[in-house]
Amino acid sequence: MKTHAQAVVIGGGLIGCSILYHLAKLGWTDVVLLERDELTSGSTWHAAAGIHGLHDNNNVTRIQHYTMNLYKELEQETGQGCGVFQPGSLYLAQTEAREHQLRLQEAKARFYGLNFHELSREQAMELHPLAQFDDIRCIMYEPDGGNVDPSGVTHAYAAGARKMGATIERFCPVLGTDPQPDGSWIVRTEKGDIHTQWVVNAAGLWGREVAAMAGLELPLQPTEHQYFVTDAIDEVAALGRRLPSIADRDGEYYFRQEGNGLLIGAYEKDMRFWAEEGTPLDFAHDLFPDDLDRIMDNVMRATERVPVAATAGVKRVINGPMIWSPDANALWGPVPELRNYFVCGGIIPGFSQSGGLGLLAAQWMIEGEPQYDMFAWDLARFDDWADKAFTKARVQDQYTHRFAIHFPNEEREAGRPARMRPAYAMQKDMGAVFGLNSGWEHPLWFADQPGTVDTNSFTRQNWWEPVGREARMLREAVGVIDISNFANYIVKGAGAQDWLDRLMANRVPSETGKSCLTPLIGIRGGIAGDFTITKTDTDAYMMVGSGMAERYHQRFFDMVDRPEGTTLDRATNRIAGFNVAGPKARDMLQRLTNTDLSNDAFRFMRSATIEVAGVTCLAIRVSFTGDLGWELHCPEENQIRLYTALLEAARDFGGGPVGGRALGSLRIEKGYGSWGREYSPEYWPQEVGLERLVKLDKDFLNKEAYLGIKENAPREVLSVFEVDAVHDADASGGEPIFLPDGRPVGRVTSGAYGYSVGQSLAIGFADPALAGPGDEVDIFILGKPHRARRLAVPPFDPEGIRLRS
Ligand SMILES: Cc1cc2nc3c(=O)[nH]c(=O)nc-3n(C[C@H](O)[C@H](O)[C@H](O)COP(=O)(O)OP(=O)(O)OC[C@H]3O[C@@H](n4cnc5c(N)ncnc54)[C@H](O)[C@@H]3O)c2cc1C
């Protein structure tokens with residue numbers, strides 16, 4: 001067996017083989033895959049292996065499309081059959097909300113040049129004469145949908161990888177992974193050790209056990225999952241061609257042809273966890289006993305759709321394990337706390353995503369970053385707050401609602417509360433409706449009645465009016481926004497300024513009491529982050545960034561050596577914060593502090609440590625609302641005291657608490673981007689208007705990459721649109737934008753009603769050659785065209801007079 005390799009992939013399932021293939025394809029041919037049994041010995045061998053292209057997340061759609069096209073190429077490249085059947089898929093809507101979802105997906109498909117379009121009932125009947133569609137209000141057709149042979153695909157990846165020089169060792173369980181001081185690893189097996197640069201954990205059902213070898217706990221939980229295949233059905237055989245599959249998600253089952261019979265599977269409400277205490281090491285090509293009674297309700301609905309299914313006997317039942325992350329997305333990426341350790345686990349639609357997962361994983365290891373922003377998959381979105389209880393509760397919710405629509409703004413209750421600040425109970429009593437934000441319970445809006453919950457749909461919901469009241473209150477008087485969901489870092493030591501300057505694109509302040517905004521540049525020159533950095537004292541800085549990206553950003557922080565004696569303290573858990581903003585913010589705050597807050601004494605982008613109602617706070621004069629305001633950061637234990645005083649004072653000025661949803665609207669009125677939506681490594685600084693903050697007269701992380709793209713004309717530019725919201729719905733992010741003549745021009749990243757400007761708004765990227773300021777476009781909210789105009793400047797205070805007043 002080899003003793004050295006560039007990467008060792010652990011696990012010869014679908015995903016491990018795809019990663020091996022893509023590593024080799026991108027040039028790393030000195031790579032080894034170790035499989036403890038035969039290839040496909042986990043979830044892979046028994047999968048129903050359906051494939052589809054469309055997903056609510058645009059980048060996942062892109063990589064699913066890549067995957068579907070890859071299988072045929074693989075067959076040609078390797079000669080190994082992948083058993084690709086693409087008779088098409090019919091997507092059915094029984095409800096108005098599902099129709100909205102499908103129409104939106106149709107518009108996105110048009111934008112990305114994918115094949116997905118509406119059919120009449122008659123057309124659907126022609127394609128699937130054995131189904132009935134009487135109760136269906138909208139039918140979409142994806143001609144490329146279908147299924148593959150799970151073993152064929154896995155072996156094709158393996159054959160392709162071997163052809164390029166990769167090695168596969170079967171019956172070779174990995175027994176240990178030991179990190180070396182230089183960042184490399186020793187992978188231990190009974191057949192010997194391999195010294196490798198990268199370890200890839202693609203151990204599927206055993207992802208937790210393999211992670212534990214590196215001292216890592218992954219939020220993953222296996223469940224059982226069942227489908228069955230019927231005996232041959234004469235009516236199916238008589239057709240002499242393959243039937244399209246049926247995705248009747250309102251009916252909560254999936255349905256396709258298998259041989260001359262039918263295959264029906266379901267994510268039942270009465271689900272079962274498996275292997276809660278760990279996946280047995282002797283489990284391989286095994287299944288669980290059948291329990292079709294559990295999925296009988298779903299099956300009944302399926303047989304109402306295709307009545308001949310009820311006439312056939314059951315030929316074979318598959319009840320096998322699959323392993324889930326808390327949000328059913330992949331748990332993917334290099335582990336920030338370890339060097340050169342890549343995880344790719346928790347894959348549910350593996351056959352739709354294997355190619356993209358493999359390609360982007362290989363890009364990440366070889367090129368340093370994937371080509372698309374895949375934060376939705378990045379394991380750094382979870383941290384130790386996603387414990388076992390949270391994971392189980394979320395997995396149960398995900399499994400039992402696998403086919404439910406995930407609405408924009410929807411907050412799932414399962415597993416919560418996970419992480420709470422001291423003010424949680426107080427906010428609850430005040431009527432706060434909470435969202436989950438990097439594990440924190442975070443107030444989204446304040447209802448009149450405590451205990452109120454969000455209603456959900458694609459249209460405006462119960463929160464829309466109250467959020468409007470909060471936004472207007474802030475613009476007219478003052479609002480107190482809990483910003484304890486932001487990430488806080490304290491950098492200290494004689495080398496603090498030097499380190500921050502070598503890390504961040506902007507020059508950090510050298511004078512105590514000054515703040516700056518700065519981008520963090522990614523490996524390809526895009527925006528990996530945006531931070532406010534404040535010099536709080538000699539050799540001391542406070543850095544505020546995106547809460548959800550805290551663990552993600554750690555990877556970048558570790559790329560720049562910290563000078564001896566300089567420390568980076570992730571202080572988020574200890575620091576709470578409020579943003580007090582609005583035209584009366586100064587008068588209100590002045591009541592609570594002896595520090596002079598006048599514009600001359602405390603200017604925009606300045607900071608000071610001040611006493612507010614007896615609580616020592618770092619006050620920074622910035623506000624994501626775009627209004628006059630201060631961020632107040634204080635020790636978490638003083639949060640209630642500060643909050644109580646702020647709210648009392650605000651009340652006297654006609655103000656009060658404001659939640660995260662109003663903040664979302666206010667920042668869009670001002671045209672501010674937000675990390676994860678507008679700011680992402682996919683976009684260059686010149687595309688998001690941040691190039692003025694990149695200082696070329698000094699070094700910073702990934703400066704070379706930035707110089708490489710600096711002179712490129714923007715492909716798309718971040719723009720604000722005013723929208724004619726004719727359907728009682730606002731944009732929410734992801735909607736495609738077309739010119740009135742139908743040419744694709746861009747996509748929305750965030751949307752909201754701008755309550756203080758009285759206009760539905762969207763913010764997103766548009767091709768500047770096609771849509772200039774003032775030009776009309778169509779934004780496909782609910783999948784329907786809504787006329788919109790690109791604005792030359794944001795609608796609220798474009799000159800920044802309020803901020804600086
Ligand atoms: C009933 C069922 C139906 C499904 N239907 C579909 C579908 O229609 N469409 C779809 O896209 N997906 C479907 N899936 C999901 C799909 O099967 C998974 O997404 C996919 O198989 C995951 O592959 P994997 O490589 O991540 O994991 P696995 O297949 O679990 O592979 C992991 C491999 O790692 C090996 N391994 C573990 N530990 C070690 C070690 N210490 N050393 C060496 N090797 C090790 C294992 O032996 C195994 O071969 C279905 C799953 C089930 C259970």
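Order of listing sets the numbers, starting from 1, for every ligand and every atom in it. Both backbone and side-chain heavy atoms feed into the values below; hydrogens, waters and symmetry mates do not.
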Under-4.0 Å salt bridge between R555 and D378: yes

Geometric N/O contact W206 with ligand 1, under 3.5 angstrom: no

Under 4.0 Å to a heavy atom of I10 - the qualifying atoms of ligand 1, by number: 40 (C), 42 (N), 43 (C)

Atom 25 (O) of ligand 1 - nearest protein heavy atom and its distance: I15 N, 3.0 Å

Atoms in ligand 1 with a heavy atom of G320 nearer than 4.0 Å: 53 (C)

Test of proximity, P173 against ligand 1: N or O pairs below 3.5 Å: no

Atom 2 (C) of ligand 1 - nearest protein heavy atom and its distance: H225 CD2, 3.5 Å

Option of least heavy-atom distance to atom 18 (C) of ligand 1 (set: I347, L281, L34, I318): I347

Contacting atoms of ligand 1, where contact means under 4.0 angstrom from a heavy atom of S41: 47 (O), 49 (O)

S43, any N or O under 3.5 Å of ligand 1 N or O: yes

N or O pair under 3.5 Å between M322 and ligand 1: no

Lys/Arg N to Asp/Glu carboxylate O, E77 vs K163, below 4.0 Å: no

Donor-acceptor side-chain pairing of K25 and Y21 below 3.5 angstrom: yes

Region of V210 engaging ligand 1 - heavy atom pairs below 4.0 Å: side chain

Distance-only side-chain donor-acceptor flag, H195 / S184, under 3.5 Å: yes

Residue A202 vicinity, atoms of ligand 1 by number, heavy atom under 4.0 Å: 32 (C), 34 (O)

Selection from G42, G204, P150 by shortest heavy-atom distance to atom 27 (O) of ligand 1: G204

Within the 6.0 Å centroid threshold, strictly below: W332 and F342: yes

Element-labelled atoms of ligand 1 that are located less than 4.0 Å from some non-hydrogen atom of L205: 30 (O)

Identity and distance of the protein heavy atom lying nearest atom 53 (C) of ligand 1: H46 NE2, 3.1 Å

Contact (N/O only, under 3.5 Å) between C344 and ligand 1: no

Geometric class of the F375/Y552 ring pair [parallel <30°, tilted 30-60°, perpendicular >60°]: perpendicular

Test of proximity, R36 against ligand 1: N or O pairs below 3.5 Å: yes

Check: K388/Q221 side-chain N/O donor and acceptor closer than 3.5 Å: no

Proximity winner for atom 32 (C) of ligand 1, if only heavy atoms of A203, S354, G11 are counted: A203

Parallel, tilted or perpendicular: rings of Y267 and F403 (30°, 60°): perpendicular

V9 side chain reached by V31 side chain, heavy atoms, under 4.5 Å: no

Protein contact of atom 10 (C) of ligand 1 - nearest heavy atom, named by residue and atom, plus distance: F351 CD1, 3.5 Å

Residue, atom name and distance, where the atom is the protein heavy atom closest to atom 29 (O) of ligand 1: T44 OG1, 2.6 Å

Polar proximity ligand 1 side, G350 side, N/O cut 3.5 Å exclusive: yes

Donor-acceptor pair between T279 and R208 side chains, under 3.5 angstrom: yes

Residue portion contacting ligand 1 (non-hydrogen atoms closer than 4.0 Å) for A284: neither

Within-shell test, D37 vs ligand 1, heavy atom, strictly < 4.0 Å: no

Sub-4.5 Å side-chain heavy-atom contact between V32 and I168: no

Location of contacts on Y227 toward ligand 1, heavy atoms closer than 4.0 Å: side chain

Polar contact flag for I348 and ligand 1 (N/O pairs, less than 3.5 Å): yes

Atoms of ligand 1, numbered as shown, that sit under 4.0 Å from any heavy atom of S352: 11 (O)

Plane angle bin for W206 and F283 - parallel if under 30°, tilted between 30 and 60°, otherwise perpendicular: tilted

R62 side chain to H55 side chain, donor-acceptor N/O pair below 3.5 angstrom: no

Parallel, tilted or perpendicular, as decided by the 30° and 60° cut-offs, for the rings of H52 and Y91: perpendicular

Nearest non-hydrogen protein atom, atom 49 (O) of ligand 1: E35 OE1, 2.7 Å

Sub-3.5 Å N/O-N/O distance, M213 and ligand 1: no

Protein heavy-atom partner closest to atom 42 (N) of ligand 1 - residue, atom, separation in Å: V174 N, 2.9 Å

Proximal ligand 1 atoms for P321, defined as those under 4.0 Å from one of its heavy atoms: 53 (C)

Polar side chain donor-acceptor pair, T223 to W324, under 3.5 angstrom: yes

Ligand 1-proximal atoms of C17, by part, heavy-atom distance under 4.0 Å: neither

Polar side chain donor-acceptor pair, N59 to T61, under 3.5 angstrom: no

Polar contact flag for G50 and ligand 1 (N/O pairs, less than 3.5 Å): yes

Top protein contact for atom 4 (C) of ligand 1, by heavy-atom distance: A48 N, 3.5 Å

Under 3.5 Å side-chain donor-acceptor pair for E224 and N319: yes

Pair H225, Y399: side-chain N/O donor-acceptor within cut-off below 3.5 Å: yes

Salt-bridge present (E258, K315; N to O < 4.0 Å): no

